[in-house]
Amino acid sequence: MGFFSDWETHKKEHISKTILWEYDTESPRWDWNRMAETVVRRVLEYGREEDYYAMLQLYGGFGNVGEIVRRIPKLHRREICWACALFKLKEEELLCCRREQSRKKLLGC
């Protein structure tokens, strides 16, 4: 058993409003699916245990959240390592890492 493997049977959780401080998540215009990359990035950066459960419940588990992680345009090294370990991803699968590699290649670094 790994971290959060009981996400389906765990009590229903909600993403903390404090990690999405500049957004009005109560607004009728707020769209959790359209904002998925932002929500997942914030959970990886600032989330507590409850936020991880809420994220997995909201987006349908490890596979779906892993797909969202792949599309995040920018993550810090610590979150990249944690996301790769948690969702069993490789760095080269992540948009943020591919962009960094392209930038280095373009600049000759």
Side-chain angles (χ1 to χ4, degrees):
M1 289 238 304
F3 289 113
F4 312 111
S5 59
D6 64 337
W7 68 270
E8 291 177 284
T9 58
H10 186 81
K11 73 179 178 94
K12 181 76 173 147
E13 297 284 1
H14 299 280
I15 303 282
S16 170
K17 293 179 194 313
T18 59
I19 66 173
L20 295 166
W21 59 85
E22 74 267 51
Y23 299 102
D24 181 5
T25 59
E26 299 295 320
S27 168
R29 297 180 64 205
W30 174 260
D31 184 340
W32 288 97
N33 290 318
R34 188 173 60 81
M35 297 297 291
E37 288 91 358
T38 300
V39 172
V40 171
R41 180 174 50 87
R42 291 293 178 83
V43 171
L44 290 171
E45 291 174 335
Y46 306 110
R48 295 173 25 178
E49 182 178 346
E50 308 84 59
D51 297 312
Y52 279 88
Y53 277 111
M55 172 181 69
L56 291 165
Q57 292 166 352
L58 178 63
Y59 296 118
F62 285 91
N64 292 338
V65 175
E67 289 301 317
I68 295 167
V69 170
R70 284 183 175 97
R71 299 189 311 253
I72 296 174
K74 185 165 175 50
L75 277 175
H76 295 286
R77 169 67 32 205
R78 181 181 60 184
E79 284 77 28
I80 289 170
C81 293
W82 170 234
C84 286
L86 185 61
F87 299 106
K88 296 177 178 41
L89 301 171
K90 295 180 180 159
E91 286 188 20
E92 56 268 13
E93 296 178 64
L94 306 183
L95 175 62
C96 60
C97 293
R98 290 193 317 266
R99 291 175 79 185
E100 181 67 23
Q101 289 303 319
S102 295
R103 200 171 10 260
K104 286 179 180 178
K105 185 184 275 186
L106 202 77
L107 297 173
C109 300

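Below, all heavy atoms of this structure are taken into account, side chains as well, without hydrogens, waters or symmetry copies. Sequential numbering from 1 along the given sequence is applied to the chain's residues.
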* Taking the side chain from Tyr59 and the backbone from Trp32, do they hold a donor-acceptor pair closer than 3.5 Å? -> yes
* Asked: Is a donor on one side and an acceptor on the other found under 3.5 Å between the side chain of Gln57 and the backbone of Lys11?
  -> yes
* Who pairs with Glu8 by side-chain hydrogen bond (donor to acceptor under 3.5 Å, both in side chains), at least two apart in sequence or on another chain? -> none
Measure across [X] and [Y] and return the closest heavy-atom pair with its distance rounded to 0.1 Å.
X     : Y     : result
Ile15 : Ala54 : N-CB, 3.5 Å
Phe3  : Leu86 : CB-CD1, 3.9 Å
Pro73 : Leu95 : CA-CD2, 3.9 Å
Arg42 : Ile19 : NH1-O, 2.8 Å
Asn64 : Gly60 : ND2-O, 3.3 Å

For the atom pair [atom1] ([X]) and [atom2] ([Y]), what is the distance rounded to the nearest 0.5 Å?
X     : Y     : atom1 : atom2 : value
Phe62 : Phe4  : CZ    : CZ    : 7.5 Å
His14 : Met55 : NE2   : CE    : 15.5 Å
Cys97 : Lys74 : SG    : NZ    : 11.0 Å
Arg70 : Lys90 : CZ    : NZ    : 10.0 Å
Asn33 : Met35 : CG    : CE    : 11.5 Å
Phe87 : Leu89 : CZ    : CG    : 7.5 Å

Taking the side chain as everything from C-beta on, heavy atoms only, tell me whether [X] gets closer than 4.5 Å to [Y].
X     : Y     : value
Tyr46 : Asp51 : no
Val40 : Ile72 : yes
Leu75 : Arg41 : yes
Glu13 : Glu49 : no
Leu44 : Val69 : yes

* To do: Determine which pairs satisfy side-chain hydrogen bond (donor to acceptor under 3.5 Å, both in side chains) with at least one residue from residues 76-88, sequence neighbours left out, and list them in order.
  => Tyr52-Trp82, Arg77-Glu91
* **Salt bridge Arg48-Glu50, side-chain N to carboxylate O under 4.0 Å** => yes
* Within a radius of less than 6.0 Å around NZ of Lys12, do more than 12 heavy atoms belonging to other residues, nucleotides or ligands occur? -> yes
